[in-house]
There are 2 protein chains.
Amino acid sequence: MKKLPRISESEWLVMRVLWSNGALTANEVVKELTGQTKWKPKTVKTLITRLMQKGAVRFKKEGRKYRYYAAVSEVECVGAQRRSFVRRVYGGTMKPMLTAFLEDAELSAEDISELKRILEQKGKE
Amino acid sequence: MKKLPRISESEWLVMRVLWSNGALTANEVVKELTGQTKWKPKTVKTLITRLMQKGAVRFKKEGRKYRYYAAVSEVECVGAQRRSFVRRVYGGTMKPMLTAFLEDAELSAEDISELKRILEQKGKE
DNA sequence: GACATCGGATTACAAATGTAATACTTTATA
DNA sequence: TATAAAGTATTACATTTGTAATCCGATGTC
């Protein structure tokens with residue numbers, strides 16, 4: 001239930017790397033981001049530092065170098081972003097937004113049936 | 001197909017007012033926002049000015065005062081935000097995001113059946 | 001006509017963000 | 001042991017954003 005820090009656009013890329021890979025050294029983060037961005041290593045380091053200041057990332061020493069890991073929950077951060085997005089763009093009303101999302105999405109047949117299952121589940125509550 | 005300007009969090013509130021109300025004077029915008037925000041009128045004016053500089057808003061003179069109106073398409077801006085959101089938060093994969101949205105949403109029975117209809121439609125393509 | 005007022009134009013200023021470069025420290029290397 | 005390399009810490013600097021305040025010109029008011 002801790003307060004979630006505000007994570008900027010660029011910082012999100014770093015967080016996603018840390019969430020999916022666990023504790024990484026700075027260089028490993030840089031390597032993961034190669035291809036996704038054209039950032040210099042120093043830029044990545046800056047982002048990590050800022051995320052630490054915000055409390056979103058912590059590190060443990062491993063010998064003389066650090067391993068960084070996410071200190072906030074991915075599920076919570078993603079949920080917060082989702083809600084903030086809906087509020088900002090749709091003024092909080094979910095339906096039109098979901099319609100747009102669904103129409104826009106590229107979905108496999110399995111995806112579609114799973115989503116339908118979720119909807120049916122909701123219908124029963 | 002023009003390039004969409006980048007609209008900040010606060011600016012979104014102004015844009016939504018203009019999209020839903022057409023051409024308004026600055027004071028009318030201020031009035032619409034009362035209750036939603038605690039901004040001083042001058043703050044709203046600044047936001048409008050910035051949106052004009054970005055090309056998102058234009059105005060026409062009406063006597064000695066101006067009427068402001070959105071110069072970019074709501075559908076396009078919303079779509080761009082939606083895509084940017086999915087890319088940032090989910091790395092571009094729609095399914096997990098949709099799952100979360102659907103589970104999170106408060107939906108009426110009618111909403112649910114309409115969404116199911118959309119999904120069925122997609123299944124047929 | 002002098003003055004308060006309403007609206008728009010210009011200016012303000014700190015915090016956050018994007019994007020690094022430079023400095024300092026410890027360690028491996030010649 | 002002086003030096004280069006690897007890592008971390010500190011500093012940099014232009015833009016964007018949030019949040020206004022001040023200035024200026026047209027207008028209405030006494």
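Labels below follow one simple rule: chain letters A, B, ... track the order of the sequence lines, proteins then strands, and each chain is numbered from 1.
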Given [options], the nucleotide with the shortest approach to the side chain of [X]:
| X | options | value |
| --- | --- | --- |
| A:Lys40 | D:dT8, C:dA20, D:dT27 | C:dA20 |
| A:Lys42 | D:dT8, C:dG8, C:dT17 | D:dT8 |
| B:Trp39 | D:dT19, C:dA9, D:dT17 | D:dT19 |
| A:Asn27 | D:dG7, C:dT19, D:dT17 | D:dG7 |
| A:Leu47 | C:dA20, C:dT19, D:dT19 | C:dT19 |
| A:Lys65 | C:dG18, D:dT17, D:dG7 | D:dG7 |

Please report the distance, rounded to the nearest Å, between [atom1] in [X] and [atom2] in [N].
| X | N | atom1 | atom2 | value |
| --- | --- | --- | --- | --- |
| A:Ile48 | D:dA9 | CD1 | P | 11 Å |
| B:Glu28 | C:dC6 | CD | C1' | 15 Å |
| A:Arg88 | D:dT17 | CZ | C1' | 13 Å |
| A:Met15 | C:dT17 | CE | C1' | 17 Å |
| B:Glu62 | C:dG7 | CD | P | 12 Å |
| A:Glu11 | C:dA20 | CD | P | 15 Å |
| A:Met52 | D:dA9 | CE | P | 6 Å |
| B:Arg64 | C:dA9 | CZ | P | 13 Å |

Are [X] and [Y] close enough that some pair of their side-chain heavy atoms sits under 4.5 Å apart?
| X | Y | value |
| --- | --- | --- |
| A:Met15 | A:Leu51 | yes |
| B:Asp104 | A:Arg83 | yes |
| A:Lys95 | B:Ser108 | no |
| A:Asn27 | A:Lys31 | no |

Does [N] have OP1 or OP2 sitting under 4.0 Å from an N or O in the side chain of [X]?
| X | N | value |
| --- | --- | --- |
| B:Ser8 | D:dG18 | yes |
| B:Thr49 | C:dA9 | no |
| B:Lys45 | D:dC23 | no |
| A:Ser10 | C:dG18 | yes |

Earlier contact from the 5' end, DNA chain C, for A:Arg6 and A:Lys38: A:Arg6
Determine whether a donor-acceptor pair (one donor, one acceptor, N or O, separation below 3.5 Å) exists between the side chain of A:Arg50 and the base of C:dT19.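 Answer yes: a donor N or O sits under 3.5 Å from an acceptor.
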D:dA20 base to B:Thr46 side chain: any donor-acceptor pair below 3.5 Å? yes
Classify the nucleic acid contact of B:Lys61 as base, sugar-phosphate or nothing, counting any heavy atom under 4.0 Å across all strands shown. nothing
Honestly curious: do A:Val72 and A:Tyr69 fall in one hydrophobic cluster under the side-chain, below-4.5 Å linking rule? no
Using the ring of each side chain (for Trp, its six-membered ring), is A:Phe85 parallel, tilted or perpendicular to A:Tyr90, with breaks at 30° and 60°? perpendicular
